[in-house]
2 protein chains.
Amino acid sequence: MPPAALSREQVVERLMRAIRRFGYDGASLAELSKATGLGKSSLYHYFPAGKDDMVRAVLEHLESELEETLFAPLRARGPVRDRLERMVETLDEFYRGGREACVLGNLVLGTSRTRFRRQLASIFDQWIDALAAALVDGGVPASVARARAEDAVVRIEGALILAGAMNDIGYFGRGLKQLPSELLAPEPSRR
Amino acid sequence: MPPAALSREQVVERLMRAIRRFGYDGASLAELSKATGLGKSSLYHYFPAGKDDMVRAVLEHLESELEETLFAPLRARGPVRDRLERMVETLDEFYRGGREACVLGNLVLGTSRTRFRRQLASIFDQWIDALAAALVDGGVPASVARARAEDAVVRIEGALILAGAMNDIGYFGRGLKQLPSELLAPEPSRR
DNA sequence: GTCTATAATAGGATAGAC
DNA sequence: GTCTATCCTATTATAGAC
């Protein structure tokens with residue numbers, strides 16, 4: 001009834017919360033309507049093509065949010081160790097210590113697994129690139145940095161799965177805590 | 001029409017294939033019917049409680065399959081290195097080199113995330129236990145073995161997510177290949 | 001820009017014949 | 001043990017008033 005109680009951005013954020021929780025297939029329009037407080041018709045006003053439009057908007061929003069809070073800080077000047085610690089803090093907050101699932105992981109599975117692949121791959125790629133750049137700044141050989149960055153992202157995604165399955169956020173917290181040291185370890189000593 | 005073309009086990013295997021591909025929410029009865037070649041009513045004959053029954057059967061089947069092909073070999077006598085290499089081969093086959101998603105990961109996400117948690121946690125736990133036992137046999141201190149085993153499972157699950165998102169099975173293959181050496185590395189040298 | 005109402009379709013589940 | 005037919009509900013999507 002009242003004119004635009006929520007900004008588009010707020011709507012998208014609430015959609016993201018629902019999708020990361022229920023997944024693409026599990027997030028019905030009724031659920032998305034409830035999550036945003038908007039009627040179905042209002043959702044179609046914002047996103048004419050329905051759920052797919054909503055997910056695309058969620059991924060666009062997520063991409064710029066991560067660019068701002070995660071990727072840019074990783075590429076910034078300053079002690080590399082601090083940049084990595086900041087990444088860890090940001091992730092810990094974003095995933096609420098391992099309580100929240102990953103939007104990306106959710107969209108890679110189920111019937112949506114190919115539908116948003118370009119956007120998903122792009123986000124993962126930016127993350128890995130930014131992380132690898134930080135590691136190079138930290139003295140890790142370029143040939144090793146990319147592999148380590150990939151491994152870090154792999155472990156974050158995997159830890160969220162295990163934390164969910166075991167109902168134990170320790171799987172996420174412990175892995176996250178070790179990351180900075182492991183990522184910056186001198187070459188021969190790593191494994 | 002003809003009497004029992006497929007054994008129950010074969011039916012369950014086909015259900016698993018569908019669920020690992022479409023997830024719990026994405027695997028409709030129509031899809032499961034198509035995947036098994038059985039009409040919906042036939043599925044309800046095997047699984048009176050519907051989809052949940054099917055998933056429980058899939059997880060039971062998976063558990064005994066993994067016990068036989070993965071956990072038991074990890075606990076068996078013989079060179080630890082060989083046991084780990086065998087695990088890697090088994091996993092590479094099971095996930096078709098990274099092309100197939102993980103049933104467990106799929107069921108941890110979406111609306112099924114809590115519904116089968118006991119079974120999911122039990123399977124992950126058995127895997128981690130068997131792997132940790134092998135590492136102890138291989139001279140890894142018991143205090144470290146569990147953490148390394150957890151990390152290995154985390155990385156396998158994470159690698160499958162990345163491989164799917166990036167449409168690049170290398171994320172799975174590369175990680176898998178390094179596992180045995182990393183798991184058995186002498187203490188101080190690991191990260 | 002939001003709502004209520006409604007249509008069309010897909011999903012889960014069951015009945016009953018063979 | 002399998003099928004066809006059917007039922008009910010949920011889901012997606014649209015129309016049209018305000």
Side-chain angles (χ1 to χ4, degrees), chain A residues 1-59 61 106-107 109-116, chain B residues 1-59 61 106-107 109-116:
Chain A
M1 323 119 173
L6 262 54
S7 70
R8 186 188 160 95
E9 195 181 16
Q10 287 174 310
V11 170
V12 171
E13 268 163 18
R14 293 181 182 210
L15 290 173
M16 184 167 75
R17 266 188 266 168
I19 288 165
R20 81 192 296 186
R21 187 159 179 192
F22 301 112
Y24 179 83
D25 298 302
S28 67
L29 284 187
E31 190 60 55
L32 296 173
S33 174
K34 193 177 139 202
T36 54
L38 294 173
K40 295 181 193 181
S41 300
S42 300
L43 283 177
Y44 275 92
H45 171 74
Y46 284 102
F47 311 100
K51 237 205 283 194
D52 281 25
D53 259 6
M54 299 181 210
V55 172
R56 274 188 289 270
V58 163
L59 287 176
H61 172 76
N106 245 310
L107 292 171
L109 296 172
T111 66
S112 57
R113 72 193 180 297
T114 56
R115 204 170 294 175
F116 310 103
Chain B
M1 323 130 164
L6 261 54
S7 70
R8 185 188 160 95
E9 196 182 13
Q10 287 175 311
V11 170
V12 172
E13 269 164 17
R14 292 183 182 208
L15 290 173
M16 183 166 78
R17 265 187 268 169
I19 288 166
R20 80 193 296 185
R21 188 158 179 191
F22 301 112
Y24 179 82
D25 299 302
S28 67
L29 283 187
E31 190 59 56
L32 297 173
S33 173
K34 192 177 140 203
T36 54
L38 293 172
K40 292 183 191 180
S41 301
S42 301
L43 284 176
Y44 274 89
H45 171 74
Y46 284 102
F47 311 100
K51 236 206 280 197
D52 281 24
D53 258 7
M54 300 182 211
V55 172
R56 275 189 288 270
V58 162
L59 286 176
H61 171 76
N106 246 310
L107 292 170
L109 296 172
T111 67
S112 57
R113 71 193 180 295
T114 55
R115 204 172 292 174
F116 310 104

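For the numbers below, each heavy atom of this structure counts, side chains included, while hydrogens, waters and symmetry mates do not. Predicted, not measured: the structure shown is a model, and the values here were computed from it. Letters A, B, ... mirror the listed sequences (proteins, then strands); counts begin at 1.
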Is B:S42 touching bases, backbone alone, or none of the nucleic acid, heavy atoms closer than 4.0 Å? base
More than 12 foreign heavy atoms under 6.0 Å from CZ of B:R20: is that the case here? yes
Among D:dT12, C:dG12, D:dT2, the nucleotide that comes nearest once only the side chain of B:Y44 is considered: C:dG12
Let me know the distance between CG of A:D53 and C1' of D:dA13, rounded to the nearest Å. 13 Å
Send over the distance from A:Y24 OH to D:dT12 C1', rounded to a whole Å. 11 Å
Round to the nearest Å and state the distance from A:K34 atom NZ to D:dA10 atom C1'. 15 Å
What integer distance in Å separates A:D25:CG from C:dG12:P? 11 Å
By the definition salt bridge (charged side-chain N to carboxylate O under 4.0 Å, His left out), identify the one residue from A:D25, A:D53, A:D52 that meets it with A:R115. A:D52
State which of D:dT2, D:dT12, C:dG1 makes the closest approach to the side chain of A:Y46. C:dG1
Could you check how far CD of B:E31 sits from P of C:dG11, rounded to whole Å? 9 Å
Is there a side-chain contact (heavy atoms from CB on, under 4.5 Å) between A:L6 and A:R14? Walk through the geometry before answering. CA-CA 10 Å; A:L6 262 54; A:R14 293 181 182 210; 3.7 Å; yes
How close or far is atom C1' of D:dA13 from atom NE2 of A:H45, stated in whole angstroms? 16 Å
Quick one: which of D:dG1, D:dA13, C:dG12 gets closest to the side chain of B:S28? C:dG12
Would you say the base of C:dT4 and the side-chain of A:S41 have a donor-acceptor pair closer than 3.5 Å? yes
In this structure, how many angstroms lie between the C1' atom of C:dA13 and the CG atom of B:D52, rounded? 13 Å
Give the rounded distance in Å between these two atoms: CG of B:L29 and C1' of C:dT14. 12 Å
Can you tell me which residue among B:E13, B:R56, B:R8 is in a side chain to side chain contact (heavy atoms under 4.5 Å, CB included) with B:H61? B:E13
B:R113, CZ atom: more than 12 neighbouring heavy atoms under 6.0 Å: yes
Which listed nucleotide (C:dG11, D:dT12, D:dT2) is nearest to the side chain of A:K51? D:dT12
